[in-house]
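First the structure, in the form of structure tokens, and then the observations on it.
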Amino acid sequence: MLKIITAVISRDLKLAMRRQADIVSALFFFIIVVSLFPLGIGPEPDLLRKLAPGVLWVAALLATMLSLPRLFADDHRDGTLEQLALAPHPLGLVVTGKVIAHWLVSGLPLALIAPILGIQFDLSTEGLVAITLAILIGTPALSGIGAIGAALTLGLRGGGVLISLLVLPLYIPVLIFGAGAVDATVTGLGGEGHLSLLAALTFASLGFAPWAAAAALKIALE
Amino acid sequence: MLEADNLECVRGDRRLFAGLGFRLGAGELLYLQGKNGSGKTSLLRMLIGLLPPEAGEIRWKGATIKSDEFRADLCYLGHLNAIKEELTPLENLLAAAHLADEVLSEDEAMDALEQVGLAGREDLACKYLSQGQKRRVALARLVKEKRPLWILDEPFVALDVAAVNWLSGIISGHLQRGGLAVMTTHQLVDIPAGTVRELRLS
Amino acid sequence: MKDRFNLYRFASPAVFYPLAGAMTPYFVAVSIVFGIAGLWLGMLVAPTDFQQGEGYRIIFIHVPASWMSMFIYLVMAFWAAIGLAFNTRLSGMMAQALAPTGALMAFLSLLTGALWGKPMWGAWWVWDARLTSELILLFLYIGYMALTAAIDDPRRSDKAGGLLLLVGVVNIPIIYFSVKWWNTLHQGSSINLAKSSMATTMLWGMLLMAMCFWMYSIAIALMRVRTIILERERHSDWVKTLLLAGDPK
Amino acid sequence: MIHWNSFSDFIAMGGYGLYVWGSFGATALVMAIEPIVVLRNRSSTISRLKRQIRAENRNTSE
């Protein structure tokens with residue numbers, strides 16, 4: 001079972017390395033969006049510190065969503081998606097591989113750069129650790145749920161905007177527990193409760209979402 | 001043994017065909033004839049299991065085609081080349097084989113690429129190849145293809161005469177080895193080996 | 001093809017179309033009867049609420065609308081499951097027919113919630129767990145309608161929309177509890193809309209209004225589904241004969 | 001049995017008149033407009049389909 005998932009991951013990572021522009025652009029989007037907020041809100045550190053978790057998480061949500069159409073659209077356009085659907089393995093496993101590959105290329109970089117942006121918001125060190133951990137744990141769920149949106153809107157005109165309409169409401173629990181974890185850590189309540197719930201959301205998403213996305217792909221490939 | 005009986009296809013609100021059936025044994029090639037829009041491609045998509053038929057059933061070796069085993073025996077070549085532009089022809093072949101659980105060594109892949117006349121271009125990213133060359137990368141998959149059931153959607157389109165002869169040789173080799181093939185094509189190409197049967201879609 | 005007697009024959013649009021036409025007036029009538037009874041009880045007979053004065057009477061609209069917005073989504077998910085499992089065309093149409101009404105119910109619930117919140121808590125919008133979940137439910141409706149509108153092929157639009165509904169219905173409890181957790185975390189007090197002891201007339205008034213809204217939703221859905229049936233089955237013979245035989249009832 | 005002793009009290013609704021009648025009015029408006037929209041949509045669909053069918057019959061009959 002793992003063989004097909006690792007095969008898909010290695011293929012997608014090789015492809016992503018060949019076209020680094022997409023990874024970097026989503027990352028810069030994240031950086032720019034986060035940096036805009038202090039300009040809008042004003043420089044007072046304590047206000048920014050209060051807003052940091054929410055701002056960083058919403059920006060992470062939007063950055064992940066930017067790269068969702070790429071999950072299936074390229075493969076659909078050049079015909080490789082059909083070949084993946086005809087691989088002698090359940091399509092859900094193939095999609096799981098693609099979701100993990102997508103996370104490695106979108107969620108992981110966001111987590112790595114989040115602490116640096118946290119400094120802009122004058123977050124304490126625990127806060128920086130918390131935001132990194134939260135985004136690291138939470139973004140796989142974003143990729144998983146996002147895969148459902150990407151599969152449902154495959155080949156549709158206006159797909160980018162449509163995906164956000166479908167997927168953002170489903171992202172809300174991840175946003176709440178993700179931002180909540182940082183907030184709880186910073187205010188001293190301890191974010192373990194939130195992080196464990198976030199991890200639960202991620203495991204549930206990685207477990208079920210690929211199969212729903214596979215069903216959506218089958219509908220789209222009809 | 002590929003069997004289809006009482007197949008019905010409705011596209012949008014037009015019924016393209018109904019009550020369609022056939023049996024295809026080892027070493028046999030089925031030509032699908034019919035003008036554009038008569039449902040040839042839809043029938044192919046049904047045979048590979050991507051398009052559920054409105055009615056009727058398809059069996060491979062007596063079992064349903066909605067299984068991993070069927071897909072392990074199936075090789076499908078559609079209109080699209082199914083190659084990644086960023087990868088080189090060699091990487092494309094190896095990745096396709098790897099994803100389909102097929103054993104393909106690098107030498108075999110190099111040999112296949114040589115046979116389709118892409119010698120020396122194995123390590124050039126496909127986006128730098130011409131349309132004809134990309135098509136040949138897609139066809140190169142058939143050279144070492146060991147899976148018994150081939151379903152080819154207009155494989156001869158946009159090929160020069162030499163390539164057409166080469167491909168018909170590959171297909172007849174496949175049939176001689178006891179393989180099966182279902183093919184749609186506009187120009188009738190004579191396949192030397194295997195028994196050829198025709199199915200016309202009105 | 002031998003004509004098999006089975007459930008699908010009854011679910012065929014041709015059979016359902018006249019049936020829906022016949023049933024709609026009854027649902028409209030029943031809805032009006034429930035409405036009048038509910039309003040009579042709620043607005044004229046029910047006493048003043050010792051805490052909220054007369055303003056509480058908005059619950060006779062707000063709560064039924066919230067229940068209906070939730071209930072319609074579940075019914076749509078039910079039809080989606082049927083449609084995906086049995087591939088019946090009619091279930092997809094029913095889901096699409098219900099969506100606008102469900103969205104309107106969610107909108108009404110939010111509107112009346114705001115109109116109730118202003119006098120009671122001094123703000124048009126309160127980030128209360130229920131109101132927030134209602135807002136998210138409205139987003140889910142909008143997502144469904146946007147997706148189904150973006151897909152031209154009716155079969156794919158039904159299936160894709162159906163799948164989104166199933167994913168949505170699985171997520172609704174998760175969204176509700178995460179919003180509740182988020183709400184209690186930040187605000188502590190969760191405003192209970194109907195905490196005050198419900199006089200029996202109030203309770204009955206609300207239940208009657210809920211029935212009125214339910215019958216209304218069914219009637220509207222039946223009317224809308226008939227148009228969808230005509231649109232989708234336009235190439236079939238029974239629609240052609242129906243349309244050419246003068247103004248179809 | 002009637003809770004209110006005068007019609008004007010009923011309208012005033014204990015000072016919450018604006019909010020109560022606002023929400024009832026909005027609901028009444030929605031439940032009036034929606035059927036009208038559905039019926040108008042229905043008649044426009046029917047006339048459009050009729051035209052299509054007549055056009056098809058004319059083409060086939062020529």
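The chains referred to below are lettered A, B, ... by the order of the sequence lines, with proteins before strands, and numbering in each begins at 1.
The choice from A:I4, A:L86, A:L81, A:T80 that makes the most heavy-atom pairs within less than 4.5 Å of chain B is A:L86. Between chain A and the options B:D73, B:L77, B:I83, the largest number of non-hydrogen pairs under 4.5 Å is found for B:I83. For the set B:I48, B:L80, B:D68, the count of heavy-atom pairs under 4.5 angstrom toward chain A peaks at B:D68. Ranked by heavy-atom pairs shorter than 4.5 Å toward chain A, the options B:K84, B:E85, B:H79 are led by B:K84. Note: A:L15 leads A:V8, A:V94, A:L15 in heavy-atom pairs under 4.5 Å with chain B.
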Exercise. Evaluate the side-chain hydrogen bond (donor to acceptor under 3.5 Å, both in side chains) criterion for residues B:E122 and B:T88: first the C-alpha distance (whole Å), next the side-chain angles of each, then the deciding distance (0.1 Å), finally the verdict.
Key: CA-CA 6 Å; B:E122 295 88 353; B:T88 68; over 6 Å; no

Quiz prompt | Intermediate values then yes/no, salt bridge (charged side-chain N to carboxylate O under 4.0 Å, His left out), B:K127 and B:E86 | solution = CA-CA 6 Å; B:K127 59 186 176 212; B:E86 292 82 17; 5.7 Å; no

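Rounded to the nearest 0.5 Å, atoms CG (A:L56) and CG (A:L61) are 12.0 Å apart. Atoms CD1 and CD1, from A:I5 and A:I9 in turn, are 7.0 Å apart once rounded to the nearest 0.5 Å. B:T64 contributes atom OG1, which lies 10.5 Å from atom CD of B:E69 (distance to the nearest 0.5 angstrom). Here the CG atom belonging to B:L94 is positioned 11.5 Å from the CD atom belonging to B:E102, to the nearest 0.5 angstrom.
Listed in order of number, the residues of residues 163-173 of chain A that approach chain B to under 4.5 Å between heavy atoms amount to none.
Aromatic ring pairs are classed by plane angle as parallel below 30°, tilted from 30° to 60° and perpendicular above 60°; the pair B:H174 and B:W150 is parallel.
If you measure heavy-atom distances from B:L74 to chain A, the contacts under 4.5 Å come from the side chain alone. Of the two parts of B:E91, only the side chain, counted from C-beta on, holds a non-hydrogen atom closer than 4.5 Å to a non-hydrogen atom of chain A. With a 4.5 angstrom heavy-atom cutoff, A:E222 touches chain B via backbone and side-chain atoms both. Only the side chain of B:R141 comes within contact range of chain A, with heavy atoms under 4.5 Å apart.
With salt bridges taken as basic N to acidic carboxylate O contacts below 4.0 Å, one links B:R59 and B:E57. Classification of B:E3 and B:R23 as a salt-bridged pair holds, one side-chain N sitting under 4.0 Å from a carboxylate O.
Formation of a donor-acceptor pair under 3.5 Å by the A:S67 side chain with backbone atoms of A:S106 is not found in this model.
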